[in-house]
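Everything quoted here is computed from the prediction, not taken from an experiment. Each ligand, and each atom within it, is numbered from 1 in the order the structure gives.
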Amino acid sequence: MNHPVQAAKFLEDKPNAKWHDETLWFVRDKRDLSSKSIPEWEKLRELASDIKDNVLSNLDTYLVEFEKNATKNGIKIHWAKDAEEHNQIVLSILKEKDCKAIVKSKSILTEECHLNPYLEENGVEVVDTDLGERIVQFLNQPPSHIVLPAIHLKKEHISEIFHEKLQTEKGNNDPYYLTQAARKHLREKFLAAKVAITGVNFGVAETGEFVVCTNEGNADMGVHLADTHIACMGIEKLIPKREHLGVFLRLLARSATGQSITNYNSHFRSPSNGKEIHIVLLDNGRTKQLAREKFRNSLKCIRCGACMNTCPIYRRSGGYSYGSVVPGPIGSILSPGIDLKKHSSLPFASTLCGSCSDVCPVKINIHEQLYEWRQEITKAQSSLNAKSIAMKIANGIFSTPFAYKISGKIMRGSLKILPESITYSNLNTWGKERDLPELPKQSFKDWYKNKGNE
Ligand code: SF4
């Protein structure tokens with residue numbers, strides 16, 4: 001996976017790239033307006049960051065407390081060390097219930113575990129019930145954004161997909177009409193599913209309850225109609241007390257879409273009579289990230305997507321160019337921690353302008369961590385790559401006055417006569433988008449000497 005290559009592909013369709021950039025910026029603008037309407041916004045960010053610091057420093061204690069209280073409430077807790085174990089646990093519950101079709105509300109964690117293909121391979125039909133997720137599921141694509149999964153698709157495209165999959169009227173792009181068609185289609189799936197899967201936005205250690213935030217109410221619909229609810233939760237999703245929820249709920253929706261509150265913030269505490277709730281607590285590299293001093297606070301992320309909406313690189317390269325479940329600035333910190341080799345280009349997909357850190361509601365120093373990853377990656381890469389060889393040569397030239405003088409002379413002479421096929425060859429990636437500067441006739445030293453003689 002190479003981000004620059006994928007980004008270049010995305011940029012081939014210039015009008016679409018421009019539209020994508022403007023659409024995301026529109027969401028960023030809404031976030032700004034909404035956050036500025038709260039005078040204590042910065043205080044809330046500080047508070048959220050401090051609460052998450054406390055959680056990360058005492059994660060073991062809070063996890064045990066959460067498990068104890070949730071179990072007391074009648075919830076079954078399962079622990080998964082990695083994606084494979086997570087998927088096996090989910091499948092074993094489905095087998096126990098003899099369930100062949102499930103409904104699922106938006107969960108980045110299940111995308112991280114590739115739960116859909118795993119269940120489908122094992123004969124279970126999976127229906128994503130978030131509208132955006134259902135659209136990308138029809139295309140057999142992952143979400144391109146963690147909050148707005150189908151943000152890369154225009155309504156005309158969605159109309160074509162619905163015409164093919166849901167037999168809607170050809171060429172009818174009316175969003176209301178399309179949404180009604182999806183609603184009817186999903187209603188049948190909701191009614192048939194015995195098991196509903198959701199993600200978890202916040203787990204409250206003090207009470208053992210958890211909160212799921214959606215705008216469409218699809219999580220609630222699925223869970224209330226099914227007999228069994230499986231909630232898939234990353235171990236970092238905890239907050240200590242229920243009173244802390246207000247801080248995060250006020251920040252989350254405003255940062256994500258500019259709404260003052262998410263439409264449905266549903267609390268699940270204990271199963272109703274005859275029903276079951278299971279929580280699968282997943283590590284999958286989170287404890288490793290916790291142990292990395294420089295990167296641990298990336299685990300504070302509440303997945304609002306604001307860093308993506310503001311990032312000039314994300315907006316102009318699209319979510320798929322990152323090749324990771326969580327794209328954008330925060331994904332570029334998290335993904336190298338999971339597979340450094342595969343995701344080594346991601347920390348370089350940033351201008352380091354710091355806009356991501358400025359909008360982050362939990363004050364993660366995103367751009368600083370991207371810079372840290374660059375250093376780690378450069379150290380980890382073989383010393384025989386083109387960039388480090390070039391740097392070594394440059395070091396030799398700049399530290400030896402004679403070499404500097406001679407190489408300057410050679411470059412001034414040769415660049416004038418070399419053909420463009422060499423000076424702008426593939427080796428000169430810098431020159432792909434830029435012209436080389438006009439060459440001076442003499443070096444500064446020579447000019448200075450001549451000036452003195454004058
Ligand atoms: S890193 Fe911050 S801004 Fe980005 S998704 Fe997470 S919480 Fe939101």
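Between the side chains of Q180 and H185, not a single donor N or O lies within less than 3.5 Å of an accepting N or O.
Summary of contacts: the protein heavy atom closest to atom 7 (S) of ligand 1 is I302 N, 3.4 Å.
One distance of note links NE2 of H367 with OG of S332; it measures 14.5 Å at 0.5 Å rounding.
Within the protein, the N, O or S atoms lying under 2.8 Å from atom 4 (Fe) of ligand 1 are C307 SG.
Comment: K189 engages E125 in a salt bridge, judged by a side-chain N to carboxylate O separation of less than 4.0 angstrom.
The local environment of CD in E156 is crowded, with over 12 non-hydrogen atoms from other residues, nucleotides or ligands closer than 6.0 Å. Heavy-atom neighbours of Y177 OH from other residues, nucleotides or ligands within 6.0 Å: above the threshold of 12.
In terms of the salt bridge (Lys or Arg N to Asp or Glu O under 4.0 Å) criterion, residue partners of R45 (sequence neighbours excluded) are, by chain and number, E42.
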